[in-house]
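As the structure is a prediction and not an experimental result, all values here were calculated from the model.
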Amino acid sequence: MKAMEWLLGSAGGSTGSGTGAGVGEDARAAAGFAAAGLAAASALHVVWTVSTWPLATRAEFAAVVVGVEESRLPSAQGTLVVAGLLGAGAWLVVTAARPTHRLAPSRLVRTGLWTLSGVLTARGAGGLLVSGFDLRDVPAEFRHWDLALYSPLCLTLGGLTGYLAVRTRPGRRSR
């Protein structure tokens with residue numbers, strides 16, 4: 001059994017709303033990449049509640065990953081909330097991509113996908129603007145990684161999630 005098929009179910013079938021809509025391979029691929037990225041980010045945030053991996057010290061972690069002084073690092077509880085939200089985002093993506101899941105066409109999932117897409121896209125675009133135009137006083141290491149990884153990753157995940165929201169809307173037929 002293929003991993004994508006196991007995770008997202010079969011490509012054809014009904015969404016449970018009686019529309020006969022299926023999820024195309026392109027939407028399934030977008031969902032697979034988005035869910036993997038969101039789940040990985042969630043797991044990384046869980047790790048960060050007890051470790052500064054992959055960096056050696058809390059001060060270095062604060063500067064490179066968060067862009068603040070060590071004394072302004074978010075609490076472990078706050079970091080767990082972010083991890084939970086990212087995990088919930090991964091669940092939304094997987095649920096929306098499963099055409100036979102009873103919640104796939106629900107308002108909760110639809111609204112969640114659009115909200116997730118908007119938040120990730122806003123974070124990505126905002127990060128590129130703020131770091132790109134040096135609009136905030138942050139360590140150079142954070143600015144580098146925000147431009148090279150953090151913001152592009154958020155834009156990519158936001159775009160994939162938005163694409164999935166469009167491709168899986170109720171009544172849409174796969175091609």
Requested in this report: State, yes or no, whether a side-chain contact exists between Pro152 and Leu155 at a heavy-atom distance under 4.5 Å.
Outcome: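 They are not in side-chain contact.
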Query raised in the report: Judged by atom type as modelled, is there a donor-acceptor pair below 3.5 Å linking the side chain of Thr115 to the main-chain atoms of Thr111?
Result: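 Yes, because the side chain of Thr115 sits within donor-acceptor range (under 3.5 Å) of the backbone of Thr111.
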Can you tell me how far apart [atom1] ([X]) and [atom2] ([Y]) are? Round to the nearest 0.5 Å.
X	Y	atom1	atom2	value
Leu113	Leu160	CG	CG	11.5 Å
Leu147	Arg143	CG	CZ	8.0 Å
Ser131	His144	OG	NE2	11.5 Å
Glu141	Asp146	CD	CG	13.0 Å
Thr161	Leu120	OG1	CG	6.0 Å

Measure across [X] and [Y] and return the closest heavy-atom pair with its distance rounded to 0.1 Å.
X	Y	answer
Ala97	Ala31	CB-CB, 3.4 Å
Ala76	Thr49	O-CG2, 3.6 Å
Ala30	Tyr163	CB-CD2, 3.8 Å
Thr121	Gly159	OG1-N, 4.2 Å
Ser151	Gly124	CB-O, 3.3 Å
Val46	Ala83	CG2-CB, 3.7 Å

**Report entry** For Glu70, salt bridge (Lys or Arg N to Asp or Glu O under 4.0 Å) partners two or more places apart
**Finding:**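 Partners of Glu70 under the salt bridge (Lys or Arg N to Asp or Glu O under 4.0 Å) test: Arg58.
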Requested in this report: Check salt bridge (Lys or Arg N to Asp or Glu O under 4.0 Å) between Asp137 and all other residues, then give those that pass, not counting sequence neighbours.
Outcome: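 Checked Asp137 against salt bridge (Lys or Arg N to Asp or Glu O under 4.0 Å); zero matches.
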Requested in this report: If you link ILVMFWY side chains whenever their heavy atoms are less than 4.5 Å apart, which other residues fall into the same cluster as Val138? By chain and number, please.
Outcome: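 Members alongside Val138: Leu44, Val47, Trp48, Trp53, Leu55, Phe61, Val64, Val65, Val66, Val68, Leu73, Phe142, Trp145, Leu149, Tyr150.
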Report task. Evaluate the side chain to side chain contact (heavy atoms under 4.5 Å, CB included) criterion for residues Asp26 and Arg167: first the C-alpha distance (whole Å), next the side-chain angles of each, then the deciding distance (0.1 Å), finally the verdict. Result -> CA-CA 9 Å; Asp26 54 344; Arg167 296 295 303 203; 3.5 Å; yes
**Report entry** In one Ile/Leu/Val/Met/Phe/Trp/Tyr side-chain cluster, 4.5 Å: Val119, Trp91
**Finding:**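 Val119 and Trp91: separate clusters.
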Requested in this report: Say whether Leu153 and Leu86 are linked into one hydrophobic cluster, either directly or through other cluster members, by side-chain heavy-atom distances under 4.5 angstrom.
Outcome: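 Same cluster.
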**Report entry** Check: Arg110/Thr168 side-chain N/O donor and acceptor closer than 3.5 Å
**Finding:**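 Their side chains do contain a donor-acceptor pair, which is all the 3.5 Å distance test asks for.
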Query raised in the report: Stepwise, does the side chain to side chain contact (heavy atoms under 4.5 Å, CB included) test hold for Leu116 with Val93?
Result: CA-CA 9 Å; Leu116 181 61; Val93 167; 4.2 Å; yes
Requested in this report: Could you check Trp114 against Val166 for side chain to side chain contact (heavy atoms under 4.5 Å, CB included), going step by step and ending with a plain yes or no?
Outcome: CA-CA 9 Å; Trp114 284 114; Val166 168; 3.4 Å; yes
Query raised in the report: Please walk me through it: do Thr52 and Thr57 pass side chain to side chain contact (heavy atoms under 4.5 Å, CB included)?
Result: CA-CA 6 Å; Thr52 60; Thr57 67; 5.9 Å; no
**Report entry** More than 12 heavy atoms from other groups under 6.0 Å of CD on Glu69
**Finding:**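 No, the 6.0 Å shell around CD holds no more than 12 heavy atoms from other groups.
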